[in-house]
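Proteins come first, then strands; the chains are lettered A, B, ... in the order of their sequence lines, and each starts at number 1. What you see is a predicted model; the values in this text were computed from it and never measured.
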Amino acid sequence: MKVITQGQLTMYFALHIFSTIIAFLLGFLLQSSGINSPIGIIVGAICGLALTYITYILGVRRPDKYFVDYGKDIISKWVHYPVLFFIIITNFFVIIIDLWELQDFLSQFYLLNTPPWAIVSFCGLCIAYTARFGIRSIFRTAEGIFFITLLSFLLLPFFVGNNIQWFIVKGFITQFSMREAWPSVYYTTSVFGQMTLILLIFPYLEKPKTSYRSLIYSSCIAVLIIIVHMVPIILVFGPELIRNLNYPELEILRFIKSGSFLETLDPALIALWLISIFVKLSFMVFIVSHIVSRTFKLKDAKPLVFPITFFSVICSLCLAKSQTQFYSLIHGGIMTFFIIAEFFPIVYLIIDSIRGSYRKDNEGEAIQ
Amino acid sequence: MILIAIAYVVICILEIKYLKKHKRKMTGYISIFIVFFISSEVLYFFNPSFQITTIIRVIFEPLEKLILLE
């Protein structure tokens with residue numbers, strides 16, 4: 001049962017956050033906050049950690065029980081099951097959006113003329129297989145690729161060093177505006193707030209009481225890597241051009257000439273990204289299958305993995321026809337939708353504290 | 001739509017084999033498979049005219065604009 005170590009937890013969530021932001025949200029953050037995006041990342045991480053702390057307090061009260069099971073004792077089952085349904089829908093949307101972006105990105109740059117259904121199906125197959133092997137495999141995969149991914153991401157500033165326009169540095173101070181940084185604070189909070197999913201996996205943690213410390217470490221690593229990527233992009237392209245790039249990360253990778261034997265570094269780094277994204281999406285699929293199986297009192301979550309992934313594949317194919325349509329969706333309240341799901345543990349914590357039901361549960365267990 | 005149905009049939013057969021091997025009750029699983037199948041078909045059929053994201057935009061877009069001070 002207790003299969004996730006603290007190290008694995010740190011590495012997984014760091015990978016989860018920085019792969020999401022660097023692969024998909026970087027362009028979006030730079031477009032909305034420009035030169036103030038690094039400030040937004042730091043403040044957003046702090047807000048995300050605050051949300052996670054509330055979730056941690058709720059989870060650590062019953063570390064050996066599943067939230068899906070005990071939630072209905074805190075607030076009635078008439079509220080708990082709709083909340084779980086909302087969490088399932090938000091997780092589905094995370095999977096669908098990431099799959100769409102993955103498909104769009106690959107079909108624009110690497111798999112030209114390949115039909116989207118083929119790209120999404122094969123990605124879905126990889127995700128489903130990883131999720132089907134269970135939570136231990138997902139966290140072990142994260143542990144396995146963490147250091148090589150970290151190394152590859154940390155090397156970037158050294159490669160683009162010659163192209164950096166150092167005079168832009170003073171812009172970080174002279175152009176500072178918290179109002180401009182606010183959209184990126186909000187969007188980053190929704191990504192860092194995904195650490196609240198820890199509430200659903202508490203019984204799998206080896207040391208649940210020290211899990212928050214691991215999450216702080218993973219947030220620090222993620223913030224460091226994102227800023228290490230974001231600052232060179234701003235310094236190379238300048239504050240005007242970055243607002244017009246959809247995939248700035250890819251543009252900067254193509255900027256690097258690493259030597260005669262390796263024309264550009266992007267294929268190698270894209271392969272690492274893909275694995276990180278697959279690991280993240282398989283965890284989301286696992287979470288959905290876990291909630292569905294526990295809600296319907298099914299003994300095994302494995303048989304649900306393939307239908308869930310296939311449903312996500314179909315939804316992602318129906319999501320948007322073009323990038324314009326997709327961006328109108330992203331600007332159209334989807335982040336608020338995610339943040340609301342991350343706020344639910346606060347309601348549970350308040351009601352649980354008022355009713356004091358966790359004390360009764362602990363006393364009952366102590367008597368037994 | 002036919003391809004979606006075929007894919008679901010294949011997944012269903014494979015999962016039933018797995019469930020039989022591990023001696024699990026099948027009713028709950030099959031009802032969930034049917035729900036996913038019907039949802040996929042409906043979503044694909046109504047795709048150009050109706051999208052699930054429309055509901056999210058109607059509810060959450062005004063809220064987000066308010067929060068982001070736009």
Top contributor to chain A contacts, counting heavy-atom pairs under 4.5 Å, from B/Ser39, B/Cys12, B/Pro62: B/Ser39
Expected output: side-chain B/Glu61 to main-chain A/Gly333 donor-acceptor under 3.5 Å: no
A/Asp300 and B/Tyr29: side chain donor to acceptor below 3.5 Å: no
For chain A, the option from B/Tyr44, B/Phe33, B/Phe37 that forms the most heavy-atom pairs under 4.5 Å: B/Phe33
More than 12 heavy atoms of other groups within 6.0 Å of A/Tyr129 OH: no
Residue A/Phe296 versus chain B: region with a heavy atom under 4.5 Å: side chain
More than 12 heavy atoms of other groups within 6.0 Å of A/Tyr66 OH: yes
Closest heavy-atom pair and its distance - B/Glu64, A/Met335: OE1-N, 3.7 Å
A/Phe85, CZ: over 12 other non-hydrogen atoms inside 6.0 angstrom: no
Sub-4.5 Å side-chain heavy-atom contact between B/Leu63 and A/Phe337: no
CZ (A/Phe86) with more than 12 external heavy atoms under 6.0 Å: yes
Distance, nearest 0.5 Å, that separates NZ of A/Lys299 from NE2 of B/His22: 12.5 Å
B/Arg24 portion near chain A, given a 4.5 angstrom heavy-atom threshold: side chain
Side-chain touch A/Trp182/B/Ile67, heavy atoms, less than 4.5 angstrom: yes
Shortest non-hydrogen contact from A/Pro303 toward B/Leu19: CG-CD2, 3.7 Å
A/Tyr186 portion near chain B, given a 4.5 angstrom heavy-atom threshold: side chain
side-chain contact (heavy atoms from CB on, under 4.5 Å) between B/Phe60 and A/Ile339, worked out: CA-CA 11 Å; B/Phe60 297 104; A/Ile339 284 188; over 6 Å; no
B/Ile32 vs A/Leu298, side-chain contact (heavy atoms from CB on, under 4.5 Å): CA-CA, chis, key distance, verdict: CA-CA 11 Å; B/Ile32 292 167; A/Leu298 303 172; 3.5 Å; yes
Approximate separation, where rounding is to 0.5 Å, of B/Ile4 CD1 and A/Phe311 CZ: 10.5 Å
Engaged part of A/Leu319 at the chain B interface, taking heavy atoms whose separation is under 4.5 Å: both
is_close_aromatic(B/Tyr8, A/Phe310), centroid dist under 6.0 Å: yes
Contact class of B/Ile56 relative to chain A, heavy atoms under 4.5 angstrom: both
Heavy-atom closest contact (A/Ile314 atom, B/Ser40 atom, distance): CG2-O, 3.9 Å
Atom group of B/Phe36 that falls short of 4.5 Å from chain A, counting heavy atoms: both
